[in-house]
Each structure stands twice: as structure tokens, then as C-alpha cells.
Amino acid sequence: MMNYDFRQIEDKWQKYWAKNNTFKASNTSDKPKFYALSMFPYPSGAGLHVGHPLGYIATDIYSRYKRHKGFNVLHPMGYDSFGLPAEQYAIQTGQHPAITTENNIKRYREQLDKLGFSFDWDREVRTSNPRYYKWTQWIFIQLFNSWYNKKSDKAENISTLISIFEKEGNENVEATCDDDTPSFSAADWNGFSEKKKQEILLKYRLTYLADTEVNWCPALGTVLANDEIVNGVSERGGHPVIRKKMTQWSMRITAYAQRLLDGLDKIDWPQPLKDAQTNWIGRSVGATVTFNVLPFGEEQGGDSNSVLPPTPSSGGGANARLTGDSSMIGVLLERAKEMRKNPTPAEDKLWQALRRKNLDVKFRRQHPVYKYIVDFICLEKKLIIEVDEKIHDYQLDKDAQRTLELEQKKGFTVIRFTNDEVISNLEAVIKKIEDILDSLSTGEGWGGDNHPYQIEVFTTRPDTIFGVSFMTLAPEHELVAKITTPEQKAEVEAYVEATAKRSERDRMADVKTISGVFTGAYAEHPFTKEPIPIWIGDYVLASYGTGAVMAVPCGDQRDYDFAKHYNIPIPNIFEGVDISEEAFADKETTVIANSDFLNGLSYKDAMKKIISELERIGHGKGKVNYRLRDAVFSRQRYWGEPFPVYYVDGMPQMIDEKYLPLELPEVEKYLPTETGEPPLGNATTWAWDAKNNKVVSNDLVTLSAVEGLDKGDGMPKPHLPDGQKVQHDGIYPLELNTMPGWAGSSQYFNRYMDPRNDEAIFSPEAINYWQDVDLYIGGSEHATGHLLYSRFWQKFMFDMGYVPKDEYAQKLINQGMITGTSEFANQASVNQAYISGYKTEGGFEGKRASNIIFLIKENENGELDKFQYYGDDVKYVFFSSDYEYLDEYKEGEYAVPYNQVIPHRFDVNYVENNILDIEGYRKTNESYNDSIYVVPGGFWLDGKFTELFSGKSREFKTYPEVEKMSKSKYNVVNPDAICEEYGADSLRLYEMFLGPLEQSKPWNTAGITGVHSFLKKLWKLYSPLEGGEGGVAPTADNLKTLHKTIKKVEEDIENFSFNTSVSTFMICVNELTAQKCTSKAILEPLAILVSPYAPHIAEELWERLGHSESIAEAPFPKFEEKYLVESSKEYPISFNGKMRFKLELPLDMDKDEIEAAVLAHEKTQEQLQGRTPKKVIVVPGKIVNIVG
RNA sequence: GCCUUGGUGGCGGAACUGGUAGACGCGCUGGAUUCAAAAUCCAGUUCUUUCGGGAGUGUGGGUUCGAUUCCCACCCAAGGUACCA
């Protein structure tokens, strides 16, 4: 038999499989089904590198194994072919993304075909194919037509919601909807205009339009992701970025928050991935609590024993009055103070009376209101009382003007008394005041329960509410500007500005720096009514919860640190707990104290009690909070799915399913338009003819259709040039945004089940046969993107009754990344290297080289240093890769000035075993061609070596470093070259052999020779059997080796431990070779065992064993225990747990016999050296341990 | 900071539920074969040693007859992230 000619073998079987449709999956079968799926790739221009196939090989091994096990296996592959790189390339080159994508796919396909995957290529899907994205658009429409009914806990058709509205309004509807949804009755609803109804419904639909804040970069005309922004400017180009509201499509994934969480318990996914999703959804149970913000100065009205903490500002907002005109408040306050000190007798009398009277409301005296100082004021009732002297007649005009202004413009009620009235008839005056107070409603005034501002917080520990000693708002919180007192304004503004420059990640990671600023404002404790100072601090993030915290320093370490830092009191509300050193956060052992009605309660009881109390006083309620936000679904890009949406009168309309797909229009250029519209704004044929249901030219859209004036009557329109009539009613603008990357991947796994169906996304038969994915393999980078959104869509599809399972993948595995090895050497950054006395053909001359010099150095330990530094005094140095020669270089004539040494990354294709192929590398770039390459023995220049030190190496050494494999790092290893040199089977085995599937591991091509020679040995083992000869009967050893292997390989595959089964194969072949096994009864099952891993050689060997059918569905060998039964065991004999020698003993020996045999052994005596063992542990069949 | 994963020879890694640490492969060393090289085959390869042995799985403790494996504390690396109230 000839040598192992893998090229011929692999080519032959790849053709055979394609020709015979070996891996075609049928949608009807008596066999049990198995659906194995790899995450489909984005076809990038760089092609596959060796990291990509890792997961595909694993899925392929499992698929092939399942075929051997008698399953009908679905193992499809496709392309996630919409995406940014193709669009970016299009922007740069003008090449249509569809063309780029097509070319890239072609290359991917060639590479994939060479690896011998058992894909059913008939089922290939491409997300950018209109026949595919027709169904992406279809799902979008289904979502639009649905709402989430919390009562039934599932999505329902919007028509059920409309019929409820018609009958009873939305009072009793429990749905996931916008926060600002108004409540209305059935009558209201039925009276609404069609547009109004549409607006309301949009607040309920599972996909809806909403104003979302985005990072807008005006210079790039595009929206940027958080990580595309560095230090407040765009990563690309460094342009300024602003927060801007944009109307965008959103997906109401929040409706599914709880079910997405619950579903995690049902599926076998890696725990870290589940953790990531759990954290992303971020469920926390607690309560919302509303705190009223006290008007300025209110806190001064409390009794003098107030718990007010010292505040950094002197006076802490004393005498400030919210009602005063801020531009002249200083003057007003001064005067008010003056006047309060020196009241007129009448004023004093009335003031004492008002205080004594103990009215329900509170009065202030000499209070600034706008430009004036009024005598008495009741803020909650907006009542002003003025006490005048009669002789003020000359002022009458002015007073009238003042009254007019206060009453009419500011909404106060002003009553006037004369001094006489007050002095002589106080009773009547008071009576009149009481009457007027009664008649006034507690309207939009200040004070009482009608505070102008309220702070809502979410807390998981409402039970600790009596421990609140301050509040912290996020610096971005909208109330900050409104409540900050004038005294604190400058400081607060500076802090807000400083915070804006910090990234959230930065704010989050820095726990050491405690910072914050007092706003000067106070909130009122809902129970104790004590004032609570309001601070801002950057440890509170605006994006989470309400952006405000009720700080309980005794129960939360962050609050504790903050309070300590700013000398804020730390009241202890825990029984028997010392909080002098740190906060106490343990819920389990909590007993509440100093908390009024909560005293003595445990955490659990206190939680219940406080929530009911909060609800009773209307200051809060129990709440489950989720971090998860609705997903923005619009992208301002070209290369994505168009929305099946047009706009009539500003309201979105869905294109009827019958007319899908709505195909992506052609555009001149792929950039945003000059007016900042998305790239589709460049399309000239992008309007919807709603009468004929087709896309038509933009010119036909009337302005009226956009602006809502189009009555469709052909009447002259005022905004159009004279007399022009609207001729093209029913033609409307189409949506200009496209869908995001995850749209196409959120149901592709179901589409594979029936990918050519143009009538439905899949047939009921197909989905009912295949049900769900049994094994899904892909990278963990998709944990919170694809893998969460696709679960959401699946649950929606389940609610709609389209799919039978609400989780689409039972088992998921994250394959680890294959990291690359980059090769570095140092490079001196110089302007020009000049070498005098350089020897050329014409004799000696000066030589100028390009500005690059490479060098490395070994330190004392022989390790390669990444950097070297020679000190500033050495200006002219010829760099050496060998440190010891430095001085000689320095003194010699070969010298160049340098500024700096930086690491230089070499293309790994020119480095082998850390040695650079200088000649090859020079050709890659002009400046490399003209560089000096310094080595221990001298230097290379122009392809010539100049020897400076004889006997020293001429090789240029590099040092390796492990990094992510990426084109930009020049460390990409392609599978093509490896297939060419070693074959696909070798590559497949090697990728598995590298290490555990789920861990990341570095690639090193050199190691592939090991698995390659294994395949050669395997081939050799079968040589004697050529021609289908029967071979000889298997020996006991043969059978033992085989069945040991069957057992291990089967276990390994089931556990996805593919690396160890490759080792097992090697051991097996080594043993069978040593046994000189030629038995067909052994080698036939072995071929099947190997077939999932190395399918080409397995098919070839199978055929040579005399089979005419493919090995693909040959039954997996059955493991039989009987061949492994042993009669004796080589016992490890340990002393104090350390193995000292081995002793072969029969397995049927019992404990005592073993002990006796061991103790009698001479080596035991030797070890014991006369001591008597204290104890002897015997585990039959395992180990003997002697203690003593 | 927090979450997750990991840390074992020169390298990738193995060791099932606590029972022989370093399987298998790469690399390296020596040998065979060869005119020579490649390929192939054989032997060796954790460190240390006075050749008896001794030490050893990131560090320090603990549990146990026995720990890479279990517990506690810490260090380092990679990935994720939200100071989540």
C-alpha cells in the first residue's frame, strides 16, 4: 500500500460527499432527530483563520458521532452577511457591499469545503439575501402587531388590546408599555382621532418608535457606540460627540425580562454565560420611595434640635427663599432680615397671633417674593398678607401694581389689613384669614404635601429607611440644577462638569476616591419629616434606576465611606451591631432598631412592614427593578435589513406581508446625507406606493403626505406652487434606518429547518420535526447580544404559537479563543542611519539606510528583553542584539543617532522558531527593504551581511508574545497553508488536540507534526489489510486496547472533551502497532471511532477494508466491559501518602491479605526501617497507604 | 471595584467521584538508518542529589491516612462589567 497521500484522499472524499449528498438532512425520518449548530460567521475580507474552525470542528465531530449513533442529523451553515466592514469598505472604495460580501462568502466557502465539514449546504442561509430577510421583516411586523399582556404573561395580537380599549379603556389593562402612557376610558378611546389611536397603540407595541438618546457625532454624521467614544470624542478622527435625541425603533425586550431570567434554569448553558445574562437583566427586589424636596429655608423652620449635619457651606442656605427673584435675592434677603428685626407693632402682633393660633398651615414673615418683600406669606396656599399704614396712600398706585403682579402673574392671593385693623380687631383679622385659607385649595403652592420637586429612589433595603442621613443624586440628575442653592451653585456646576469628563467605567472602577458636593438643598424624610441633605456624587449613575440614592451609611459601605469622608452623621439602626468601623450589610442577622414602628423586626418582616407603610402614606411601593433596557433597533447604516415601514402623516405603517421583501435600494454613496439622514436618504427610488404596493421614485412623494395635509383629494395644496395639484396620493416616504446586526441572527436557527420556503418562515411540519437546537456552539462574546435577543424573539415566536419551544437551544457551549503568537523585536526610531566605511562593490563608501533598525538583547539569564535603554549620554550607538558588544559598537564607526526604542511587530509568516527570514521580510515593504538588521555577529543591509564579530550568530532573533489573533497584529495563521502541507484531517485533529474546547489557547503551528505522524501511523496499521483481506482473529490485548478506546472516546465526545480523545487514539494506535495487530475485527471499528475526527482518512480506510458505502452512517462500535476485566492490579504502595514502590497483587485478594502481603514485602521493611506502622490503609483495587 | 474563568515541566496540556502528578504531543538530548539531508525508528527528558534519596501542581494556612482535586486567606493573568442602591 502506498504512502498516506492525504491530498488525494481528502480531495476524493470531499467530492464524494458533495456528489452523493451524504449529509443532506431530511425533514421526515423515522430516526430520532439531532440538530447541531455552529454560530454562523460574518464573512470578513480577511477570510478564515485557524481560530474560526475550532467550534465548527467540534460541532462537526458531534454531528458525525450522532450519525454513527443512528440520528437524523441537521448540521447547517450560513452567513451573517449584513454588517459594518462591508459598508466601510464600500464607503472607501465605492464597491457595492453586496459584491464584497459575495466575494468574501466565496472565499469562506472554499476554505470551509477544504476542512471536510459534514454541512448540509442545501440549507445555507445568508442574512443579506432578500429571500432570507423577507422573514426578518416579517417578524418585525409581527412584533409591531403585538403587545405584552401581563395578565396572561405573554404577547398577544394588538387587536385584543384594541377591543379592550373600545370596551373599557385602559384602566384595567396590565401591559408592558411606555411610562408616559395616559389613562383613558372607552369613551375617550372611541372619540380619539385615528392618529391619536395610532400614537397610543405605539406605546404598547412590542416594537415601537421612541425618542432615544444617542451619541451623535456631527462630523461623521453618524451615531457612535459607547466604546467608539474615547474621552468624549470619536475614536475615529477625534470629533466631538453630543448626546442627541433621535426617533428610533425600539424592541420591548423588557416585557420578557422575567421570562428571560426564568428560562435560564431550563437550559444547559455555561454558568458564566448565564451569569452574564442574569447580570445584564439585573433583577433587584425592593421598593421605590419618594422624598419631597424641601423649599429653600424650610429646614430652618424645624426645631432647634434638628439633626442637621454640618455642611461645607457656611450657613447652609440660611434665609434663602425659593420665591425670591434670584437676580436680586441678596439685596432682598438683607432687607428682609432688617425688617424682621424691626417689626412694626402691628406686624409683630399679627405674627404672634398667627403663630399662637396654630393654624394647619405655616406662615413666614418678611419673605422675598420675586422683586418684593411681603409681610406674611403662606406658601402652601399661596396667600400673602400685607399690613399697611393708612398714610401709605401715596403708595397706593405702587401697591396696586404689586398686587396685580403677584395675583395675576404669579397666582398669589393678596389680602391687606391696616395697622389699625390688626391692633384693634385682631380676632376679625384672624377670622378673615382663616376663611380665606379655607377657600383656597392647596394648589400649586409650596410646602405641605405639595412640593415642587420630588426625588424618587429605588432601594433594595427600604427596611433601613430610618437610617437615611443624606441622599445622593447622580450629577447628571435633572433635579440637580433646579434644587441647588445659589451658594452651592458654583461648586455643584464645577463638579457636574468634572464628572461629565469621566467615563462610566472609570467612575465605576474607582472606589478609592470619594467625591461629592452638597447641593444646599434638603429633602424631607417621609416618616420622621426630618430634613435630609441632598448631595451629588459620581458614584451614583444616572443610567441606573432613578439616578438617585437614599444613603444609609450604617448599612451600605459606599454610603458609609461617603458619610465618613464628609462628616455626615451615621445613625445606627441595627440592634447590637457595632458600626464604628464599617457598615453592616448582612440581611440575615439584621434586627432593626431606632426605627419607630420597625423596631425589633427582622429584615424580612421589616421589608413587608415598611412597604405597606410606604404605600399607605403614598410615598412609595414595593417594586421589582430590572436593569435591562429596551433595545434600540434602528441603525443609521446602509448594509442592513430595510424596515418594512412607511410613514403616513408621521405615523408608521407596515407594508403588507404579501409584498415582502422590501429590498434594499441602490444608492450613489453609502454615507449619511448632507442633512444628516441615514445612507438610505441617498436613494432616489425609495417611496412606497400604497395603492399599487410597490417602491416608487421619491419624486412622487408629496410634501403633504409627509406633513399630514394630504387628504388624497387631488385638491390644490397651499404649500405647492400655484395651482399645482397633488397627482400622486397614496405615495409615502419609506423608513431610512436599517436593522441592527442581531436582527438577522435572531431566528436563523429556525429558518435552517426550512430555508427555501417562500410561503412561510418555516413550515409547521419542519418546526415540529426539528423542534429546537440540541447543540449550539459559538463564542462567548455573544453572551449579552445575540444570545439574549434571540431568546427574546424565540419567546415571542412561542407566544404567537409559531414555535413549539420557548428556548431554542437546549445545550450551548462556548468555544475558547485561539490566540495568536506575535513576533517582536525592538526598533530604534531614527531619522536616518548612516554608515561610513560601508563596503560596496566599488570599494568603501558612506551608506544611508532607511530609518529603521531592529535589535534585541539578551539579559543575563539568556532571556530576550523587550526594551533596552542606554542612557541619554550615549548619543550615537550602533544597536546590537548582543548586549556585551555594545561598547565596541559605540566606539566603532558604525553608529546612528536614535530617539527611542519601540517594539516592532513582524509578520509571523516570516518568522520560524523565533528566527526572522530577513530576505523574505525585506520584500514586504520598501522601508524594510532598506533597513539595517543588527545581529550579534554584525548587520544585514541590502541583503548582504557585514561581519563585525566573527563566530557570532548571523540570525535575527525575535521574541514571541501571545495576543488575540488578528490581521492588524500580523499574527494570523490561515488554515489553507496548513491544509496544503498536512491535510484537513491533521488540522482537525490538531485543533482539537490543542486543549479543552472551552478554554482559550495559543496557536503554534509547529506542534501539528505530532498529529500528522499519528495519521501516518494509523495509515500504516491498515497497510497489511489492503484489498479487504479478512486478517486474523483479534488477540485479547487487541480487544482490550480497542474497547478501552471505545469507552474513552465515547465518554469524551459526550463530555465535549475532544482533546483527550485525540490522545486516546494515539495511545491506541501506538499499542496496536506494538501488538502488530492486523485484525479486521479491530481495525474496522477503530476506523469508525476515528471517523468523526478525521473523516477523510476514515472513509479511505473503510473503503480499503472492502466497504462500498460511506462510513458516515456505520454504527458506532459497542463497548464491552468483558474485554477490560483484569485479574491483578499493580498497587501503588504509599508511605504517609507518598508513593514509594509498586506491587502487583491479584484483584481478588481481600483487605487483610493485601495488608499482610505488603507488610511482608522487603521494600516495605526497608521503608519502615524497623518502625511499626501506626496504621495501614488498604483500598482494594486502588491503593495501599502505610502510616508510621 | 465587582462577576467569570484560569494558574501543573522549556511549550500545549493529562490526572474519572480526594488515591501512582506530569498521560499524549511538541521541543530538546543521545543513538540507529543514510554518502548526506529529509523522513523513519529506538532511548532519555519536572527539579535536585553524596544516586540511598529528597522536593514539587501560583503563595500561605487548614481538613484528611492521603490534596492538583475539598475549605479559608492572599497573589497573578485573561475576559466581561453596572460603584446596580
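Each chain gets a letter, A, B and so on, in the order the sequences are listed, and its residues count up from 1.
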Close N or O pairs between protein and nucleotides 73-80 of chain B (under 3.5 Å):
none

For residues 268-278 of chain A, which residue pairs pass the side-chain hydrogen bond (donor to acceptor under 3.5 Å, both in side chains) check, not counting sequence neighbours? Asp268(A)-Lys811(A), Gln271(A)-Asp275(A), Gln277(A)-Arg791(A)
So salt bridge (Lys or Arg N to Asp or Glu O under 4.0 Å) across residues 988-1008 of chain A, not counting sequence neighbours, yields Asp60(A)-Arg988(A)
Got a sec, which residues hit salt bridge (Lys or Arg N to Asp or Glu O under 4.0 Å) with Lys1044(A), two or more places apart in sequence or on another chain? Glu1071(A)
Name all residues meeting the side-chain hydrogen bond (donor to acceptor under 3.5 Å, both in side chains) criterion together with Tyr1093(A); count only those two or more places apart in sequence or in a different chain, and write none if there are none. Ser1061(A)
Both distances below 3.5 Å, Watson-Crick or wobble geometry, any strand: find the nucleotide opposite rG27(B). rU45(B)
With the sugar-phosphate defined as primed atoms, P, OP1 and OP2, and the base as all remaining atoms, what B/S/- string results for nucleotides 41-62 of chain B, 5' to 3', for protein heavy atoms under 4.0 Å? S------------S-B------
So, does Lys1001(A) get its side chain near the phosphate of rG13(B), meaning an N or O under 4.0 Å from OP1 or OP2? no
Which residues share a ring pair (Phe, Tyr, Trp, His ring centres under 6.0 Å) with Tyr4(A), sequence neighbours left out: Phe6(A), Trp1019(A)
Name the orientation class of the two ring planes belonging to Tyr990(A) and Trp1003(A) (parallel below 30°, tilted from 30 to 60°, perpendicular beyond 60°). perpendicular
So which of residues 1057-1066 of chain A are in contact with RNA chain B, with a heavy-atom cut-off of under 4.0 Å? Asn1059(A), Thr1060(A), Ser1063(A), Met1066(A)
Of all pairs that satisfy salt bridge (Lys or Arg N to Asp or Glu O under 4.0 Å), the ones with a partner from residues 1053-1070 of chain A, not counting sequence neighbours: none
Which residues satisfy the side chain to side chain contact (heavy atoms under 4.5 Å, CB included) test with Thr819(A), sequence neighbours excluded? Met817(A), Val962(A), Pro1002(A)
With sequence neighbours excluded, residues passing ring pair (Phe, Tyr, Trp, His ring centres under 6.0 Å) with His782(A): none
Counting only side-chain heavy atoms from C-beta out, which of rG27(B), rG19(B), rA85(B) sits nearest to Ile1177(A)? rG19(B)
According to side chain to side chain contact (heavy atoms under 4.5 Å, CB included), who are the partners of His565(A), at least two apart in sequence or on a separate chain? Ile514(A)
